[in-house]
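In the text below, chain A, chain B and the rest are named by the order of the sequence lines, each starting its count at 1. Source: prediction; values computed, not measured.
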2 protein chains.
Amino acid sequence: MKTKQAIEEKKFKLTSARKELLAILNKAEKPISYEDIKNRLSMDKATFYRNISKFEEENIVKSFESNDKKRYYEVQISSHAHFICNTCNKIECLSNISPIELKGYNITDMIFKGVCKNCS
Amino acid sequence: MKTKQAIEEKKFKLTSARKELLAILNKAEKPISYEDIKNRLSMDKATFYRNISKFEEENIVKSFESNDKKRYYEVQISSHAHFICNTCNKIECLSNISPIELKGYNITDMIFKGVCKNCS
DNA sequence: TTTTAAATGCGACTAAGTTGCAATTAAGTC
DNA sequence: GACTTAATTGCAACTTAGTCGCATTTAAAA
Ligand SMILES: [Mn+2]
Ligand SMILES: [Mn+2]
Ligand SMILES: [Zn+2]
Ligand SMILES: [Zn+2]
């Protein structure tokens, strides 16, 4: 677990805000935005953003921007692609897609957009 | 050309602001943001966004959000994938990538992220 | 228990994009 | 070419996700 490793290497202090945030991130089954969880958070908005950035620096979390101008975060366990619905903005994790090979590029993320089952 | 068609179908008036914007879009070789071209534009910010949205409704233009919280626009000629560098935020058009097939999904756009040649 | 750098909450701020409204203009009709 | 009118425009005010400075608090090492 990356988290434990980062703490052991003294990359950051394990505060109650960070425990709370890590718990939420670990339970989540898809990427989440601040908006998605703000009601469940006891920490301030600034604290959320500072911590999630910290987690990202330590490679505990990955993120991307969606269609709705919001940033979505998820724990970095297995690398996988994402699908974003252009109609309802729903985000799905795609586990079974093998990474594209493209000479001269080091591709780390793939995002597919289109229309989801519900919306078509 | 979609533009001509849209005008002939009287979907919109061909104002000088729209001529200017279409000229810039047609010359561009990669997706552009408002920021990228604002110095070259004689129209107001609001006019830019209203017109580019109109073009998108009429399927003359396509857009996506990048890493930098900005929306990027390009004329919709041939459908192709894009690469976004996570380090320098540069956007490249990828012409030679065949669209992914995924059952249950209607995928219209593909975005790859990673590190570009310059940055790696 | 004491120390101290790291982390927090709060309020003010930034920046991309949106909106209401009064003034302007494209384009159809004569 | 002048007349008419709905579409378009510029401007200023607004919205909203995210950032920042600073005084206060806290994790964790000594
Ligand atoms: Mn995922
Ligand atoms: Mn392109
Ligand atoms: Zn959908
Ligand atoms: Zn780069």
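- Taking the six-membered ring wherever Trp is involved, the centroid distance between the rings of Phe55(B) and Phe12(B) falls below 6.0 Å.
- A side chain to side chain contact (heavy atoms under 4.5 Å, CB included) with His82(B) is found for one member of Lys113(B), Glu74(B), Met110(B) and no other, namely Glu74(B).
- Residues Lys90(B) and Glu92(B) are paired through a salt bridge, judged by an N-O separation under 4.0 Å between the basic side chain and the carboxylate.
- Tyr34(A) has its OH atom 10 Å from the P atom of dG18(D), to the nearest Å.
- In this structure, the ring of Phe112(B) has its center no less than 6.0 angstrom from the ring center of Tyr105(A).
- The distance from atom NZ of Lys38(A) to atom P of dC10(C) is 15 Å, rounded to the nearest whole Å.
- Between Tyr73(B) and Lys62(B), the closest side-chain pair of non-hydrogen atoms is not below 4.5 Å.
- For Ser33(A), the side chain to side chain contact (heavy atoms under 4.5 Å, CB included) criterion is met by Glu35(A), Asp36(A), Lys70(A), Tyr72(A), not counting sequence neighbours.
- Residues from residues 43-57 of chain B lying near DNA chain D, meaning a heavy-atom separation below 4.0 Å, are Met43(B), Asp44(B), Ala46(B), Thr47(B), Arg50(B), Asn51(B) in numerical order.
- Scanning residues 60-73 of chain B for heavy-atom distances under 4.0 Å to DNA chain C yields Lys69(B), Lys70(B), Arg71(B).
- Listed for the Thr47(A) side chain is no donor-acceptor partner under 3.5 Å among the backbone atoms of Met43(A).
- One can place CD of Glu20(A) at 13 Å from C1' of dT8(C), the figure rounded to the nearest angstrom.
- Side-chain atoms of Ser53(A) come within 3.5 Å of backbone atoms of Tyr49(A) as a donor-acceptor pair (strictly under, hydrogens ignored).
- Across all non-hydrogen atoms, the minimal contact from Ala81(B) to Ile97(B) is CB-CB, 4.5 Å.
- Arg18(A) places a side-chain N or O within donor-acceptor distance of the main-chain N or O of Lys13(A), the cut-off being under 3.5 Å.
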remark   = Its contact letters, B for base, S for sugar-phosphate only and - for none at protein heavy atoms under 4.0 Å, make nucleotides 22-30 of chain C read ---BBSS--
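- In this structure, the side-chain hydrogen bond (donor to acceptor under 3.5 Å, both in side chains) partners of Glu9(A), at least two apart in sequence or on a different chain, are Gln5(A).
- Here dG10(D) presents its P atom at 12 Å from CG of Leu21(B), a figure rounded to the nearest Å.
- Atoms CZ (Arg18(A)) and C1' (dT25(D)) sit 14 Å apart, rounded to a whole Å.
- Axis orientation changes by 30° from one end of the helix from dT1(C)-dA30(D) to dC30(C)-dG1(D) to the other, with each end axis drawn from 5 pairs and the value rounded to 10°.
- Contact detail for Arg40(B) and Ile24(B): the closest heavy-atom pair is NH1-CG2, 4.0 Å.
- Glu56(A) places a side-chain N or O within donor-acceptor distance of the main-chain N or O of Ser63(A), the cut-off being under 3.5 Å.
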